[in-house]
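Quick notes on the structure that follows.
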Amino acid sequence: MVQKYGGTSVGSVERIQAVADRIAAARREGHEVAVVVSAMGHTTDELVALAKEVTPHPEGREMDALLATGEQVSAALVAMALDMRGVRAQSFTGWQAGIATEPVHGAARIEHIDTEALEAALRAGIVPVITGFQGIAANAVTTLGRGGSDTSAVAVAAALKADVCEIYTDVTGVFTTDPRVVKTAKKLEHVSYDEMLELANLGAQVLHPRAVENAKQFQVPLVVRSSFTEEEGTWVTETAQGFEQRHIVTGIAFEREVSRIALIGVAVGRHGLASVFGTLADNNVNVDVIVQSVVQEAEVDVSFTVKDDDVDKALRIVRGLQDHLGYTDLVSESGLAKVSIVGAGMISNPGVAAKMFQVLADGDIPVKMVSTSEIKVSCIIPAVQLDAAVRQLHEAFLEQEVPVAES
Ligand code: ASP
Ligand code: MG
């Protein structure tokens, strides 16, 4: 098995001792274990701040060299703690573990893992304790993007053909929604990769989206559980079971700090859309929901959402393209949020979106934009009404036993 421990789980010496006890117990039960660790507590944030004190624009190569040190501290300390318990262990940095990435700094993808060193350690009865979040490309240290240790763990589990990848964190599993917003949120026993991928992309913080993507691709069963208790966690596998099969909606995810920009009366036939979104992408502005509607034959209205932080930059770009686009009006609105319902059961059950709109309408919550996929519906609403929306949707979709129609 692969066990991954997040920042809070290795956040102090006491936590590291507790983690070592857990790994030692798994060894005693006869499991072959490889461990992947995050940096201690807020170390990565502190390293980012340190670099910013030296220069406003740290170079990618050196930034990665700096950030990668956080995980090295935890890997070495966990290996020492295991040693003290009579469990043979060795720390491995990304390159020592054979983790090769694409040559990109700050958000590299893992391309390949040469497992020779890890397998030799395992054969010798040694627990490899591997730094998450990093690899090597063209002889330089690379990092995988914030939260990337989950992805490291899944990649190691896939490469070693592990039976399971346990993701240890500070919550006891994946919940129907954030328990800080809805007290009656329930821990899910089981959730499918597809649902988890939507939930992770839509704002659930518990797993890194790329980790879920890789787990699905390589069919690595995941368990999300707490390193603070013995409680069973949430399984993430190909098909959902139990509670999730009885409910059309499995979870409710949300994101705050959303802004909407609307271009009114864009002249069509000028490649306008391509140039707006191309220029935004070139400037690293992430666009989320896009809605386009034809008003008259020669004109369209286009609106899209960005994070609040990006709205000024996005407006500057759109204004710069005014001549090219020929829009008549430009409107922007901040202080919005996105609330999403997710569930594989939607595929075979019509009327889910209608019910969502009804619940929001009953709560006097205006819906500004909508986007859907096979297994999710997202609505852009005012941020001040987000908590109320989440509570009402949770009650309507998850607290009543809603039998899934037989298909
Ligand atoms: N330490 C890195 C971060 O804080 C990677 C991780 O924890 O997954 O983003
Ligand atoms: Mg994380």
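Just so you know, ligand 1 is whichever comes first in the structure, and atom 1 is the first atom listed for that ligand.
- Taking the charged nitrogens against the carboxylate oxygens, D310 and R316 have no contact shorter than 4.0 Å, which rules out a salt bridge.
- For the pair K355 and F397, the cation-pi criterion (under 6.0 Å, within 45° of the ring axis) is fulfilled.
- Residues meeting the salt bridge (Lys or Arg N to Asp or Glu O under 4.0 Å) test with K313, sequence neighbours left out: none.
- Of all the atoms in ligand 1, the ones that sit under 4.0 Å from a non-hydrogen atom of S38 are 6 (C), 7 (O), 8 (O).
- The closest approach between any non-hydrogen atom of G147 and ligand 1 is below 4.0 Å.
- The shortest N/O to N/O separation between E71 and ligand 1 falls below 3.5 Å.
- Residue H208 does not touch ligand 1, judged by heavy-atom distances below 4.0 Å.
- Residues passing the side-chain hydrogen bond (donor to acceptor under 3.5 Å, both in side chains) test with E231, sequence neighbours excluded: K187.
- Between F304 and F277, the distance separating the two ring centers is shorter than 6.0 angstrom.
- Residue S149 approaches ligand 1 through these ligand atoms, each under 4.0 Å from one of its heavy atoms: 5 (C), 6 (C), 7 (O), 8 (O).
- The local environment of CZ in R109 is sparse, with at most 12 non-hydrogen atoms from other residues, nucleotides or ligands closer than 6.0 Å.
- Residue-ligand proximity: G7 is placed with every non-hydrogen atom at 4.0 Å or more from ligand 1.
- Taking every heavy atom of R146 and a limit of under 4.0 angstrom, the matching atoms of ligand 1 come to 3 (C), 4 (O), 9 (O).
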